Participant: 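Sharing a structure with you now.
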Amino acid sequence: GDSVTQMEGPVTLSEEAFLTINCTYTATGYPSLFWYVQYPGEGLQLLLKATKADDKGSNKGFEATYRKETTSFHLEKGSVQVSDSAVYFCALSFIYGNKLVFGAGTILRVKS
Amino acid sequence: NAGVTQTPKFRVLKTGQSMTLLCAQDMNHEYMYWYRQDPGMGLRLIHYSVGEGTTAKGEVPDGYNVSRLKKQNFLLGLESAAPSQTSVYFCASSYEAGLSPLHFGNGTRLTVT
């Protein structure tokens, strides 16, 4: 079945460090890919998405590129802030599908 | 800007008790979902609905029932709670399937003792 694998956390960085959170997927066909973020005590919210190969999603300084050849959608940010501390979820969906498939989530902790 | 509202926020049940979690959305979304979140397992889909009066099973439906009598509400029921159902439950809604982003509530933390 379809699945998403994320790097295990927690990831602990100092403020202004470079962030990469790895995400790979297994799917039949060509899914759309998403990153959701969950701040403490809140529900998930969409961070960015990409709908086809080589698309780059970006938002709030975060970026991820849809790589079909490596079935990956790694999340990056050039300079993290303490306010970026959250849980990040990679997910996939199909245009005619009814649901998202989530990865296990990666905890990010940014220290000042 | 209410969005998706879940009630209650916290609940403690004893094994065998029943309860209903309520989800309400004010965005006129067709699709609604119930997920559970457990450490190290991400979010797993329990049940979902593609419109008023419809429901469908997700990945982990056993022990839960749902109803969508009104478009804006999606209820999740536990008929006989078990400790394995201790989790954080999230409701979500979306305008359409596939590419539309999901809008999540803030979750219900349920403990079954």
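Chain letters run A, B, ... following the sequence lines, proteins first and then strands; every chain starts at 1. Worth saying up front: this structure is predicted, and the values here are computed from it rather than measured.
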Participant: Hey, could you give me the CZ/OH distance between B/Phe104 and A/Tyr36, rounded to the nearest 0.5 Å?
Facilitator: 6.0 Å

Participant: Using a cut-off of under 4.5 Å for heavy-atom pairs, which of B/Pro101, B/Gly107, B/Pro39 has the most such pairs with chain A?
Facilitator: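 Option with the greatest count: B/Pro101.
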
Participant: Does one hydrophobic cluster hold both A/Leu19 and A/Tyr39, with members joined at side-chain heavy-atom distances below 4.5 Å?
Facilitator: yes

Participant: Can you give me the closest heavy-atom contact between B/Gly40 and A/Ala104, atom names plus distance?
Facilitator: O-CB, 3.5 Å

Participant: What heavy-atom pair brings A/Phe89 and B/Gln37 nearest, and what distance separates the two atoms?
Facilitator: CZ-NE2, 3.2 Å

Participant: Linking I/L/V/M/F/W/Y whenever any side-chain heavy atoms sit under 4.5 Å apart, do B/Val88 and B/Tyr48 land together?
Facilitator: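 Yes; B/Tyr48 is reachable from B/Val88 via cluster members.
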
Participant: Using the rule that two of Ile, Leu, Val, Met, Phe, Trp, Tyr join whenever any of their side-chain heavy atoms come within less than 4.5 Å, decide whether A/Val11 and A/Phe62 are in one cluster.
Facilitator: yes

Participant: In terms of hydrophobic clusters joined by side-chain contacts under 4.5 Å, are B/Leu22 and B/Tyr31 together?
Facilitator: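 Unlinked, B/Leu22 and B/Tyr31 end up in two clusters.
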
Participant: Would you say CZ of B/Arg44 has more than 12 non-hydrogen atoms from neighbouring residues, nucleotides or ligands within 6.0 angstrom?
Facilitator: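 Correct, the count exceeds 12.
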
Participant: Which other residues end up in the same hydrophobic cluster as B/Met27, if Ile, Leu, Val, Met, Phe, Trp and Tyr are linked when side-chain heavy atoms come under 4.5 Å apart?
Facilitator: B/Val4

Participant: Does any backbone or side-chain atom of B/Leu43 lie under 4.5 Å from a heavy atom of chain A? Answer side chain, backbone, both or neither.
Facilitator: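 Both parts, backbone and side chain.
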
Participant: Applying a strict under-4.5 Å side-chain criterion to I, L, V, M, F, W and Y, I'd like to know whether A/Leu48 and A/Met7 cluster together.
Facilitator: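 The answer is yes; both residues are in one hydrophobic cluster.
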
Participant: Where does A/Ile107 contact chain B at under 4.5 Å (heavy atoms): side chain, backbone, both or neither?
Facilitator: neither

Participant: Running the 4.5 Å side-chain criterion over Ile, Leu, Val, Met, Phe, Trp and Tyr, what cluster does B/Phe74 land in, apart from itself?
Facilitator: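 B/Phe74 clusters with B/Leu13, B/Met19, B/Leu21, B/Met32, B/Trp34, B/Ile46, B/Val60, B/Tyr64, B/Val66, B/Leu76, B/Leu78, B/Tyr89, B/Leu110, B/Val112.
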
Participant: Give the minimum heavy-atom separation between B/Asn106 and A/Gly43, together with the two atoms involved.
Facilitator: OD1-N, 3.3 Å

Participant: Quick check for you: among A/Leu100, A/Leu44, A/Leu46, which has the greatest number of heavy-atom pairs under 4.5 Å with chain B?
Facilitator: A/Leu44

Participant: State which residues pass side-chain contact (heavy atoms from CB on, under 4.5 Å) with A/Thr12; sequence neighbours excluded, sorted by chain then number.
Facilitator: A/Arg109, A/Lys111

Participant: Can you list the residues of residues 63-85 of chain A that sit under 4.5 Å from chain B, counting heavy atoms only?
Facilitator: none

Participant: Side chain, backbone, both or neither: which part of A/Gln38 has an atom under 4.5 Å from a heavy atom of chain B?
Facilitator: side chain

